[in-house]
Peer 1: 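Once you've had a glance at the structure underneath, I'll fire off some questions.
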There are 2 protein chains.
Amino acid sequence: MERDRKERYEEVCQEVHVHEDVVNFVTGEMPEEETLYDLAELFKVFGDTTRIKILYVLFESDMCVCDIAAALNMGQSAISHQLRVLKQAQLIKSRRDGKQVIYSLADDHVRTIINNGMEHIME
Amino acid sequence: MERDRKERYEEVCQEVHVHEDVVNFVTGEMPEEETLYDLAELFKVFGDTTRIKILYVLFESDMCVCDIAAALNMGQSAISHQLRVLKQAQLIKSRRDGKQVIYSLADDHVRTIINNGMEHIME
DNA sequence: CTTTCATATGAATGATTGTTCATATGTTCA
DNA sequence: TGAACATATGAACAATCATTCATATGAAAG
């Protein structure tokens, strides 16, 4: 089984050297484990070039799956799989129009988040 | 070798059905391939619970590696590896203080990006 | 109802990634 | 100089993930 974290930790950094007051303070300020997990999951969705591209084309226009695939020069199946991921993260929504399914951005958070990321890499 | 994308695409969606005008418009508005790649790489860094936690503790206080490991209840090596990733993405910086290395946030973009993500998952 | 078309989905595969273990580097203090 | 300590790093492994292929679903038109 897995050894206790604390035990392994002490093999490297002696307990006495840890600044317990600082450690206790920062852990007290941290959000719930589940919240942090959800946050990481959200960013993970933005962490793929294909999905970023899909969001970018949807910035300009609502589109059906085939057109997105054509715009990104990728297979229909690959796009469909990624649309599912984006939809589950509630970043996009879909409506049916005859034989086609039209995808669009769910809300403006998406633009905000991407623009903030852009600002950072442009620094 | 890999078959041509267009060829494969046409096996599923006939060329004639693609809305070429829309496709041409949205692709024209897209940033450089390299920019999109960098953007995805940036979000990938935020897409891990351990790294999110590290950033959260650094919101509260500059800290040495051992204290971060203690705060997150993880091994020193795991933290050190992730600190490297965060530093390469220029989200954090470090300074030496005797035997210890103190890590701190690089700038306020980090807070902004995380707060935007938080807003989305709290909707 | 049957064919055609657009999209969705499941399994398989190759690539990427986070953590661990072992060890190296570099600093301080005796 | 050498011992002790904090951090960094490389290799290995398990887990996760994006894409592909094959096929299923579901709508529309004949």
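Below, each value reflects all heavy atoms present in this structure, side chains not excepted, and no hydrogens, waters or symmetry copies.
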Peer 1: Take atom CG of A:Leu72 and atom P of D:dT20, then tell me their distance rounded to the nearest Å.
Peer 2: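 In whole Å, D:dT20 P and A:Leu72 CG are 12 Å from each other.
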Peer 1: Can you check nucleotides 10-13 of chain D for protein contacts, nitrogen or oxygen pairs under 3.5 Å, and list what you find?
Peer 2:
residue, atom, partner, partner atom, Å
D:dG10, O6, B:His81, NE2, 2.9

Peer 1: So do A:Leu42 and B:Met118 actually touch side chain to side chain, heavy atoms under 4.5 Å?
Peer 2: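 No; the side chains remain at least 4.5 Å from each other.
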Peer 1: Please give, in whole Å, the distance from C:dT16 C1' to B:Tyr37 OH?
Peer 2: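 Whole-Å distance recorded here is 11 Å.
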Peer 1: Among residues at least two apart in sequence or on other chains, which ones pass salt bridge (Lys or Arg N to Asp or Glu O under 4.0 Å) with A:Glu41?
Peer 2: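 Once residues adjacent in sequence are excluded, the partners of A:Glu41 under the salt bridge (Lys or Arg N to Asp or Glu O under 4.0 Å) criterion are A:Lys44.
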Peer 1: Name all pairs fulfilling the salt bridge (charged side-chain N to carboxylate O under 4.0 Å, His left out) condition that reach into residues 100-117 of chain A, sequence neighbours left out, sorted by first residue then second.
Peer 2: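 Listed by first then second residue: A:Asp108-A:Arg111.
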Peer 1: Go through the structure and list residues passing side-chain hydrogen bond (donor to acceptor under 3.5 Å, both in side chains) with A:Glu33, not counting sequence neighbours.
Peer 2: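 Listed in chain order: B:Lys53.
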Peer 1: Just how far, in rounded Å, is C1' of D:dA18 from CD of A:Gln88?
Peer 2: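 In whole Å, D:dA18 C1' lies 15 Å from A:Gln88 CD.
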Peer 1: How large an angle, rounded to 10°, do the end axes of the helix from C:dC1-D:dG30 to C:dA30-D:dT1 enclose when each is built from five base pairs?
Peer 2: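 End-to-end axis angle for the helix from C:dC1-D:dG30 to C:dA30-D:dT1: 20°, rounded to 10°.
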Peer 1: I'd like to check the ring pair (Phe, Tyr, Trp, His ring centres under 6.0 Å) partners of A:Phe59; sequence neighbours left out, ordered by chain and number.
Peer 2: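 Result, ring pair (Phe, Tyr, Trp, His ring centres under 6.0 Å) vs A:Phe59: A:Tyr56.
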Peer 1: Using side-chain heavy atoms (C-beta onward) and a distance below 4.5 Å, is B:Met63 in contact with B:Ser104?
Peer 2: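 The answer is no, as the side chains (C-beta and beyond) never meet within the 4.5 Å cut-off.
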Peer 1: Strictly by salt bridge (charged side-chain N to carboxylate O under 4.0 Å, His left out), give each pair with a member in residues 69-97 of chain A just once, sequence neighbours left out.
Peer 2: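 Sorted pair list: A:Asp62-A:Arg95.
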Peer 1: To the nearest Å, give me how far apart CD (A:Gln82) and P (C:dT9) are.
Peer 2: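 In whole Å, C:dT9 P and A:Gln82 CD are 14 Å from each other.
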Peer 1: Let's see if you get this right: which residues in residues 94-105 of chain B place a heavy atom under 4.0 Å from DNA chain C?
Peer 2: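 When residues 94-105 of chain B is checked for heavy atoms under 4.0 Å from DNA chain C, the hits, listed by number, are B:Arg96, B:Gly98, B:Lys99.
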Peer 1: Where along residues 39-51 of chain A does a heavy atom come under 4.0 Å from DNA chain C, residue by residue in number order?
Peer 2: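 Hits under 4.0 Å, by residue number: none.
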Peer 1: What residues, two or more places apart in sequence or in another chain, satisfy side-chain hydrogen bond (donor to acceptor under 3.5 Å, both in side chains) together with A:Gln100?
Peer 2: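 Listed in chain order: nothing, the list is empty.
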Peer 1: Within this structure, what is the NZ-to-P distance between A:Lys93 and C:dT7, rounded to whole angstrom?
Peer 2: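 Answer to the nearest Å: 18 Å.
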Peer 1: Hey, does A:Leu105 have a side-chain heavy atom less than 4.5 Å from the side chain of A:Leu91?
Peer 2: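 Answer no - side chains too far apart.
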Peer 1: Rounded to the nearest angstrom, tell me the gap between atom CD in A:Gln76 and atom P in D:dA24.
Peer 2: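 Between P of D:dA24 and CD of A:Gln76: 15 Å.
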Peer 1: For the pair made of CD1 in B:Ile79 and C1' in D:dA8, what is the distance, rounded to whole Å?
Peer 2: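 Computing the B:Ile79:CD1 to D:dA8:C1' distance gives 14 Å.
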Peer 1: Under the rule for ring pair (Phe, Tyr, Trp, His ring centres under 6.0 Å), what residues qualify as partners of A:Phe46, not counting sequence neighbours?
Peer 2: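 Result, ring pair (Phe, Tyr, Trp, His ring centres under 6.0 Å) vs A:Phe46: B:Phe43.
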Peer 1: Could you tell me which residues satisfy side-chain contact (heavy atoms from CB on, under 4.5 Å) with A:Ala106, sequence neighbours excluded, listed by chain and number?
Peer 2: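 Checked A:Ala106 against side-chain contact (heavy atoms from CB on, under 4.5 Å); zero matches.
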Peer 1: Starting at CD1 of B:Ile52 and ending at P of C:dG18, how long is that distance when rounded to a whole Å?
Peer 2: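 Checked: the CD1 to P distance equals 12 Å.
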Peer 1: Kindly indicate whether the side chain of B:Met30, heavy atoms from C-beta on, has any atom under 4.5 Å from the side chain of A:Glu60.
Peer 2: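 B:Met30 does not reach A:Glu60 side chain to side chain.
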